[in-house]
Protein chains: 2
Amino acid sequence: MTIGALGQATGVGAETIRYYERIELLPQPARTSGGYRVYRPEHVRRLNFIRRSRELGLSIEAVRELLSLASDRLRPCARVDRLVRDHIHDLDHKIESLQKLRGALQRLADSCRGGGRVSECRILEALQEAEETLAGPAIECGQEDCQERRASEKQPKPRRERRA
Amino acid sequence: MTIGALGQATGVGAETIRYYERIELLPQPARTSGGYRVYRPEHVRRLNFIRRSRELGLSIEAVRELLSLASDRLRPCARVDRLVRDHIHDLDHKIESLQKLRGALQRLADSCRGGGRVSECRILEALQEAEETLAGPAIECGQEDCQERRASEKQPKPRRERRA
DNA sequence: CTAGACCTTGTAGCCACTACAGGGTCAAGC
DNA sequence: GCTTGACCCTGTAGTGGCTACAAGGTCTAG
Ligand SMILES: [Zn+2]
Ligand SMILES: [Zn+2]
Ligand SMILES: [Zn+2]
Ligand SMILES: [Zn+2]
């Protein structure tokens with residue numbers, strides 16, 4: 001099957017597939033004599049796995065690790081769970097901060113009815129002169145390992161070469 | 001005041017300030033004979049405005065438009081309100097979709113207790129074999145102008161030259 | 001044998017920064 | 001005057017996860 005057919009089969013665009021190959025998330029397929037990529041059912045399975053994981057918001061690096069874990073069937077699955085639960089925890093942080101932003105924006109929007117002139121607009125006034133931070137302070141997390149985890153993510157990653 | 005002092009006064013890093021200048025969000029300041037940027041109180045005000053807007057999650061383009069609107073004090077402020085309300089609406093979409101993801105991930109995580117082997121892990125099974133989309137279908141919005149607004153955002157923007 | 005659908009590589013763009021490298025400037029202290 | 005060292009300058013490249021070309025090559029149905 002060609003790259004277009006693989007795209008049809010998985011709902012992933014051809015350019016994205018080539019991108020996944022470039023970052024070594026998909027293995028290099030065989031080629032025709034003319035240079036066309038030739039995919040097999042195992043590629044369909046792997047790419048579907050990737051697509052579903054990405055739809056759940058997992059990062060490429062998380063997907064990479066899941067794929068690597070999945071290949072060793074005897075390993076305990078604790079790390080798999082950890083990846084998923086960490087991602088849920090990240091989502092909780094993100095949702096909470098978006099809700100805080102939403103609250104701040106709603107208060108701002110409610111302060112103006114939109115009927116006046118710019119010179120009387122309370123939204124602009126607040127943006128120009130607010131003393132306190134409009135969006136509130138950063139949220140701190142009670143969860144034990146949240147800080148260390150987020151810190152370890154900040155570590156400089158070893159860069160992979162572009163095309164070996 | 002130098003760029004470092006402006007950064008101190010506003011809580012914005014020097015590199016970000018130079019970036020804002022490059023994209024013409026901050027006007028070019030005067031320079032010393034040696035080439036150092038020299039800022040004035042109006043720069044502090046403008047940069048604080050930008051920082052507060054960005055903390056609320058407004059895009060650079062939205063901030064640019066707010067700044068331009070704010071400069072014309074007699075104009076009606078309806079457009080200001082519109083920008084803020086549109087942003088709230090975008091946040092609602094984003095929050096809703098993150099909550100859907102969270103639900104899907106939680107169901108996934110609950111299906112595995114983390115004690116078994118990879119070969120029995122229901123998380124990996126689901127990612128490998130799910131028929132239905134794990135994250136559910138895209139949300140459609142009841143709001144009247146949501147589609148057109150999102151469509152008009154997709155329009156190709158006229159690109160600004162790099163350094164006039 | 002030709003049309004045209006598909007494929008190839010490579011590069012650049014998106015957002016909003018952030019992180020250098022390699023140099024220049026400025027103020028204080030001696 | 002000279003040195004030190006904190007600050008500043010420009011320019012480029014990287015982040016994530018694609019997406020959109022351009023310029024050309026390949027494959028297949030008619
Ligand atoms: Zn208003
Ligand atoms: Zn946390
Ligand atoms: Zn498991
Ligand atoms: Zn909507």
Side-chain angles (χ1 to χ4, degrees), chain A residues 1-26 28-39 47 50-65 87 90 94 153-164, chain B residues 1-26 28-39 43 47 50-64 87 90 94 150 153-163:
Chain A
M1 83 196 298
T2 63
I3 197 170
L6 178 61
Q8 287 294 110
T10 58
V12 177
E15 315 211 288
T16 302
I17 294 170
R18 280 191 285 260
Y19 170 70
Y20 287 163
E21 181 182 328
R22 208 160 64 242
I23 64 173
E24 288 164 76
L25 192 57
L26 270 184
Q28 298 197 356
R31 300 278 185 142
T32 66
S33 57
Y36 280 27
R37 288 169 177 82
V38 182
Y39 293 101
L47 186 52
I50 296 168
R51 178 185 51 76
R52 289 187 199 107
S53 304
R54 293 287 305 130
E55 280 170 0
L56 289 171
L58 291 160
S59 72
I60 294 277
E61 286 316 304
V63 179
R64 203 189 289 284
E65 192 169 350
H87 182 45
D90 286 349
K94 188 153 267 172
E153 274 165 14
K154 285 284 176 188
Q155 294 301 87
K157 255 176 312 188
R159 263 193 276 152
R160 73 184 52 238
E161 338 251 303
R162 47 176 75 223
R163 296 194 303 137
Chain B
M1 82 196 298
T2 64
I3 197 170
L6 177 61
Q8 287 293 111
T10 59
V12 177
E15 315 210 291
T16 302
I17 294 170
R18 281 191 284 260
Y19 169 71
Y20 286 162
E21 181 183 327
R22 209 161 62 242
I23 64 172
E24 288 164 75
L25 192 58
L26 269 183
Q28 298 198 355
R31 300 278 185 143
T32 65
S33 57
Y36 280 28
R37 289 171 178 81
V38 182
Y39 293 100
H43 285 103
L47 186 51
I50 295 168
R51 177 184 51 76
R52 288 186 199 107
S53 305
R54 292 287 305 128
E55 281 170 0
L56 289 172
L58 291 160
S59 72
I60 294 278
E61 286 316 305
V63 178
R64 203 189 288 283
H87 182 45
D90 287 348
K94 187 153 268 171
R150 302 182 92 75
E153 274 165 13
K154 285 284 173 185
Q155 294 301 88
K157 254 176 313 188
R159 262 192 278 154
R160 72 185 52 238
E161 336 253 304
R162 46 175 75 223
R163 295 194 303 140

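What you see is a predicted model, and the numbers here were worked out from it, not measured in a lab. Per chain, numbering begins at 1; letters A, B, ... match sequence-line order.
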Looking at dC26(C), I'd like to know if its phosphate oxygens (OP1 or OP2) sit under 4.0 Å from a side-chain N or O belonging to Thr32(B). yes
Between Gly13(A) and Gly35(A), whichever has its closest DNA chain D nucleotide further toward 5' is Gly13(A)
Side-chain donor/acceptor of Glu15(B) to base of dC20(C), under 3.5 Å
yes
State, yes or no, whether a side-chain contact exists between Arg54(A) and Tyr20(A) at a heavy-atom distance under 4.5 Å.
yes
Tyr19(B) atom OH is separated from dT10(D) atom P, nearest whole Å, by 17 Å
note: Ile23(A), atom CD1; dG14(D), atom C1'; distance rounded to Å ~ 16 Å
Atom CD of Gln8(B) and atom C1' of dC8(D) are separated, to the nearest Å, by 15 Å
Separation of dA16(C) atom C1' from Glu55(B) atom CD, nearest Å, is 15 Å
Whole-Å distance, Leu58(A) CG to dG17(D) P, equals 10 Å
Any ion pair linking Arg64(A) and Glu61(A) (charged N to carboxylate O, less than 4.0 Å)? yes
Separation of dC7(D) atom C1' from Leu6(B) atom CG, nearest Å, is 15 Å
5'-most contact on DNA chain C (nearest-nucleotide basis), Glu21(A) vs Arg54(B), goes to Glu21(A)
Tyr36(B) (side chain) and dC7(D) (base): donor-acceptor pair under 3.5 Å | yes
Inset, instruction - Determine, stepwise, if the pair Thr2(A) / Val38(A) fulfils side-chain contact (heavy atoms from CB on, under 4.5 Å). - result: CA-CA 5 Å; Thr2(A) 63; Val38(A) 182; over 6 Å; no
For this session: Using only side-chain N and O atoms of Arg18(A), determine if any of them is under 4.0 Å from OP1 or OP2 of dT8(C).
Result: yes
>> At less than 4.0 Å, is any side-chain N or O atom of Tyr20(A) found next to OP1 or OP2 of dC18(D)? Yes or no.
In response: yes
Sorted by chain and residue number, the side chain to side chain donor-acceptor pair (under 3.5 Å) partners of Glu21(B) (sequence neighbours excluded) come out as Arg37(B)
- Does Arg31(A) make a side-chain N or O approach to OP1 or OP2 of dT9(C) shorter than 4.0 Å? yes
| query | Can a side chain N or O of Thr2(A) be found less than 4.0 Å away from OP1 or OP2 on dC7(C)? | reply | yes
When rounded to whole Å, the CD1 to P distance for the pair Ile3(A) and dT26(D) reads 17 Å
### Message
Would you say that Ile17(A) contacts Tyr39(A) through its side chain, given a criterion of any heavy-atom pair below 4.5 Å between the two side chains?
### Response
yes
Between CD of Glu24(A) and C1' of dC18(D) the distance, given in whole Å, is 17 Å
- prompt: Is Thr16(A) near enough to dG17(D) that one of its side-chain N or O atoms lies under 4.0 angstrom from OP1 or OP2?
  reply: no
